[in-house]
Amino acid sequence: MAAPITGIILSVKRYNPQEIEPKWQQVWEEKQAFIAQDFADRPKTYISPMFPYPSGAGMHVGHTFEHAIVDAIARFHRANGHNVMNPMGWDSFGLPAENYAIKTGTPPQETTKTNIANFKNQLKRLGASIDWTREINTSDPEYYRWTQWIFTKLFERGLAYQKESLQWWCPIDQTVLANEQVVNGKCWRHDGPDDPPAEKKSIKQWFFKITEYADALLDEIPELDWPEKIKTAQTNWIGRSEGVIYTNKVKDTDLEIESFSAHFEAITANTFVAIAPDHPLLPKLVDGLDNAQDILDQAKQMAIDRDAKGPGSLGEPEGIFTGRYALDIFGDEDLPIWIANYALADYGTGIVLCSAHDERDFEFAKKYGIRLKPTMVPVDPIEAEKVKNLEYCFTDMTNGILIEPKAFEGKVAASHRQEIIKFLEHEGFARAEVKYKMRDWLISRQRYWGAPIPIIHCDEHGAVAVPEDQLPVRLPDVKDFAPKGDGKSVLAHVEDWVNTTCPTCGKPAKRETDTMDGYACSSWYLLRYTDAHDDTQAWDPKLANYWAPVDFYVGGDHAVAHLLYVRFWTHVFKDMGLTDFKEPVKKLIYHGLIAAEDGRKMSKSLGNTVDPLEIIDQGYGADALRTFELFLGPIDENSNWSSSGIGGVYRFINRVWTLVQEFDESDKSFTGNDAEVTRLQHKTARKVTNDIHRQSFNTAISALMEYVNDLYKLKVDGFSDTTWREALSVLVQLVAPFAPHMSEELWQQLGHEGLVHETMWPEWDDAQIVEDTMTIVVQVNGKLRAKLDVAKDTDKETIEKLAIESENVKAFVGDQQPAKVIYVPGKLVNIVVK
RNA sequence: GCGCAGGUGGUGGAAUUGGUAGACACGAGAGACUUAAAAUCUCUUGGCUGAAUAAGCCGUGCGGGUUCGAUUCCCGCCCCGCGCACCA
């Protein structure tokens, strides 16, 4: 019999995370336990979260969730003998620090430093197993020197260029916005009900030519081990469409217009032309007409109205007739040219041939009484008549039947796309063309707190890249950070910085005063981690090729922006010979977000954030916090913080602790149900290992809870020393990725040398997991009627006989002969009766 | 509008290949210990009928289907969430 438990509990050392957590954090630091070794001859695992912007607010428990995921995976692989790199860095350029500087005069350099120190402290107190020797910071000149270097390389290759263009502009931040930074017509940072809409301005801007890599980026998507959600988002974002370009002469002028069509199957249906209100060709088109100026003024107003509404909220289409006609290539009636607010200047050619087989065109034509001519109809003759009579718009290319031209009469539209293209090309009506929704990546920012674009403007040589030996172009110190309202960065007013000499001719020249979009800095940091402090190159290709691509990249944001840009740059690096691989990230772990307990998004302004250090200091400790966050649910789902839920996990951790304490102090001479203890140990090792491999942490933790619950029950029967010690040791190893501090302490108490991860992760033997008996479910017509406990080697005939003879089954089967008996080995018997 | 993911007890969730629905936990209820409370421990906890830890019926958003058997597969619909949104 077991020794009386009460006596033991009194002498047990209480679980005190306040004491053991700082202790082990210090040991890890002293032992340099998490340093990744370059070129070590072991399997490598490179894992990283999306590096944080070090905000003044610090991390809340929504942010620490991500680090709990990363750390569990990192510790798991380390314990499996892998050479793990788990680095950390700071995405520290950005608007909040600059806005704070405008308000308070405190330079961003200072606030950034303070904030980083705070984040670092939070991560250390969380027990994150980070290799701090690789720490990087995008606003450090030693880092942005290489961001600038990459810019000059892209510039050399023609992948960075300048262009005058209409750009979204935030009237509050006084800066340009990328398309994806405009949310419901407003700046992403100022999208409240009282905030003004984003505007459009024509400005000379720097772009990266991501469109040149559209196909390359698209081609790799199917191969990525990324969530389907992100893969489809990227595919749609790139938005490749195959179509044709038509060229039409404009009646009474020397002009020709080109238009793109991806839905060209209804070949001869086009009856009018739509041109974007801000199309550059418009003035030429109406030139010579009496009311030309009037039309241009109206078009200008239309463009402004549209921009004010913002993307996706156009409503009813608006149009202005230009007075011009295009000549129909098929010799049909002339096509009136309309200015339409739904035509986009920057997609395709900005001009569209319109037909009865497009919802927008149809609606537009009905509104303005423009002729329509359906040339494709449904199979059903009654419906076909309706389409011909323009009762509704028919767009189903997959099933639609063409009624003209002669060559395609009676054919299904979609199944003849290729033949139709050939026909159009052969007849000289059009040529094949591929267009993309994706635009080039606008990177100019009229802000101070970013990496200066390393370009010098010379009257003679134009834009000249700053030579490598003059990098970095350092940000000068500034006292007044407030924008001057001239649309330029405050850098433009630092005269002795702006005025320089041309690297080519040595004559006076001026520096570019725009800085780079923060996404530029974050598009290569994963490679910098592999060679974080190299001052001779951005990274050593040998190191990058050893560590990268990243094995696990963990984040919950940036489905298209960052995750597309980082792919783009890596493709370019491969082409430059700087890496051996095209894709930067093997597996993307895209987690959900943790909202506040009230279900709303955690934010400082709502006052509903939960501070991880507060939870730790309340006495729960980092181990309970981390374990709880992973126990909340599947990591790819959103969840809410729960202040009562963490208590349950804390109780579990306490029970693990107490279980080991009691072993330590108890009589070790008796034996109990050793076989069952060992069986559970193997079963749990298998379950936890498999679950961690598929990132199912909540079920891994619940399996550990079951194991602990079972061990408490088995303890009453007594146990032998070696079996029990092994069972507890395995428990400690399995729980270590989630609750590492407590695990180290218990590992030591159980008499093991070294840190937990220095002993190989527990293995299991499937043969040990099989029980001596099995439970067979007995169903009658699929309904559960009885259960049989039989020896594991009982044969089919015996089981079926026992099933049919069991009392409750008889009650349902009666005298009937079963029509069928289905036996699923080791699981169930289903008796089918009529 | 298009795309993607999802809908299971009072709550978070589990069921990995079509095979015992509700593991694990929270909350709630009862009890033990305590002068008392907290902590801890034990038990109960999907709904209905029932004295029952006998048995039965219902039950995984709704309606159908396939199957001996469906939370799981198929068809149609409804609802929430996310992403993209005039892309011709």
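- A distance of about 26 Å separates the P atoms of B:A39 and B:G47, rounded to the whole Å.
- Ranked by how close their nearest RNA chain B nucleotide is to the 5' end, A:Asp361 and A:Ser702 are led by A:Ser702.
- A:Lys787 has no side-chain polar atom (N or O) that falls below the 4.0 Å cut-off from OP1 or OP2 of B:U20.
- Counting to the nearest Å, the P atom of B:C57 and the CG atom of A:Asn781 are 12 Å from each other.
- Residues A:Val832 and A:Gly633 each lie close to RNA chain B; by heavy-atom proximity, the contact nearer the 5' end of the strand is made by A:Gly633.
- For the pair A:Leu828 CG and B:C68 P, the computed distance is 14 Å after rounding to whole Å.
- Across all strands, A:Ser696 comes closer than 4.0 Å to no nucleic acid atom at all (heavy-atom distances).
- For the pair A:Tyr342 and B:A88, the criterion of a side-chain N or O lying under 4.0 Å from OP1 or OP2 is not met.
- Nucleic acid contact class of A:Gly348 (heavy atoms, under 4.0 Å, all strands): none.
- Of the candidates B:G27, B:C87, B:C24, B:C87 carries the atom nearest the A:Leu344 side chain, counting heavy atoms from C-beta on.
- For B:A25, one of the phosphate oxygens OP1 or OP2 lies less than 4.0 angstrom from a side-chain nitrogen or oxygen of A:Asn709.
- Rounded to an integer number of Å, the gap from A:Arg655 CZ to B:C24 C1' is 12 Å.
- Closest to the side chain of A:Arg694, out of B:C41, B:U16, B:U20, is B:U16.
- Atom CZ of A:Phe697 and atom P of B:A14 are 14 Å apart (whole Å).
- Taking 4.5 Å as the limit, every side-chain heavy atom of A:Ile257 sits out of range of all side-chain heavy atoms of A:Ile275.
- Pairing for B:A25 goes to B:U11, judged as Watson-Crick or G-U wobble with the two contacts each under 3.5 Å.
- In this structure, A:Asn654 places its CG atom 10 Å from C1' of B:U40, rounding to the nearest Å.
- Of the nucleotides present, B:C82 is the one that pairs with B:G3 by Watson-Crick or G-U wobble criteria, both distances under 3.5 Å.
- Considering only the side chain of A:Arg785, B:C57 comes nearest among B:C57, B:G19, B:A14.
- When both distances must be under 3.5 Å, the Watson-Crick or G-U wobble mate of B:U17 does not exist.
- Spacing between B:C2 and B:C57 at atom P, rounded to whole Å, works out to 44 Å.
- Following rounding to the nearest Å, A:Met705 (CE) and B:A14 (P) show an atom-to-atom distance of 14 Å.
- Inter-residue side-chain proximity for A:Val790 and A:Met774 is flagged as met; some heavy-atom pair is nearer than 4.5 Å.
- The CH2-P distance, from A:Trp237 to B:A85, rounds to 5 Å in whole Å.
- One finds no side-chain N or O of A:Arg360 lying less than 4.0 angstrom from the OP1 or OP2 phosphate oxygen of B:C87.
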I would like to know whether A:Phe272 and A:Trp338 meet ring pair (Phe, Tyr, Trp, His ring centres under 6.0 Å); could you show each step before the answer? CA-CA 8 Å; A:Phe272 66 104; A:Trp338 285 73; 7.6 Å; no
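- When distances run from any side-chain atom of A:Val824 to the nucleotides B:G19, B:A88, B:C68, the shortest one goes to B:G19.
- Residue A:Thr699 places its side chain closer to B:A15 than to any other of B:A15, B:C26, B:A88.
- Salt bridge present: A:Asp278 and A:Arg306 bring a charged side-chain N and a carboxylate O closer than 4.0 Å.
- Applying the Watson-Crick and G-U wobble criteria (two distances, each under 3.5 Å), B:G69 pairs with nothing in any strand.
- Relative to the side chain of A:Asp691, the nucleotides B:U16, B:C84, B:G13 differ in distance, and B:U16 lies closest.
- B:U20 and B:U71 have their P atoms separated by 10 Å, with the value rounded to a whole Å.
- In B:G56 the O4'-C1'-N dihedral to the base is more than 90° from 0, which defines an anti nucleotide.
- When the C1' atom is used for both B:G46 and B:A37, the distance is 33 Å, rounded to whole Å.
- Contacts of A:Pro634 with the nucleic acid, taken as non-hydrogen atoms under 4.0 Å apart, involve only primed sugar atoms and P, OP1 or OP2.
- A donor-acceptor contact under 3.5 angstrom links the side chains of A:Thr211 and A:Asp440, judged on distance only.
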Criterion ring pair (Phe, Tyr, Trp, His ring centres under 6.0 Å) on A:Trp641 and A:Phe628, from CA distance to verdict: CA-CA 10 Å; A:Trp641 178 256; A:Phe628 171 61; 5.3 Å; yes
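- Here, B:G81 and B:A88 have their C1' atoms 30 Å apart, quoted to the whole Å.
- Counting only heavy atoms from C-beta on, A:Phe631 has its side chain closest to B:C24 among B:C57, B:U20, B:C24.
- Side chains of A:Ile351 and A:Phe260 form no contact here, defined as non-hydrogen atoms less than 4.5 Å apart.
- The residue A:Ala343 sits close to a base: some heavy atom pair falls under 4.0 Å.
- No donor-acceptor contact under 3.5 angstrom links the side chains of A:Tyr565 and A:His558, judged on distance only.
- Judged by distance alone with a 3.5 Å cut-off, a donor-acceptor contact links the side chain of A:Lys687 to the base of B:U16.
- Checking the phosphate oxygens (OP1, OP2) of B:C87, no side-chain nitrogen or oxygen of A:Asn236 falls inside 4.0 Å.
- Looking at heavy atoms from C-beta onward, A:Ile594 lies out of side-chain contact with A:Val610 at the 4.5 angstrom threshold.
- Rounded to a whole angstrom, the distance from the C1' atom of B:A21 to that of B:G29 is 24 Å.
- Here the separation of B:G7 from B:G12, taken at their P atoms, is 12 Å to the nearest Å.
- Picking from B:C68, B:G27, B:A23 the nucleotide with the shortest atom distance to the side chain of A:Arg651 gives B:G27.
- Side-chain to base pairing of A:Arg439 with B:C87: one donor and one acceptor N or O lie within less than 3.5 Å of each other.
- Taking only side-chain nitrogens and oxygens, A:Lys713 never comes nearer than 4.0 Å to OP1 or OP2 of B:C43.
- In this structure, B:U34 makes no Watson-Crick or G-U wobble pair, since no nucleotide meets both defining distances under 3.5 angstrom.
- Atom CG in A:Asp557 sits roughly 13 Å away from atom P in B:C82 (whole-Å rounding).
- The base-pairing partner of B:G46, taking Watson-Crick or G-U wobble contacts with both distances under 3.5 Å, is B:C58.
- Across all strands, A:Phe812 comes closer than 4.0 Å only to sugar-phosphate atoms, never to a base (heavy-atom distances).
- If you check B:A23, B:G3, B:C26 against the side chain of A:Ser644, the one that comes closest is B:C26.
- The closest side-chain heavy-atom distance from A:Val273 to A:Tyr246 is not below 4.5 Å.
- A close approach under 4.0 Å does not occur between any side-chain nitrogen or oxygen of A:Asn638 and OP1 or OP2 of B:G81.
- Remark: the separation of the P atoms in B:A38 and B:U44 is 22 Å, to the nearest Å.
- Of the candidate nucleotides B:A21, B:A88, B:C84, B:A21 has the atom lying nearest to any side-chain atom of A:Leu784.
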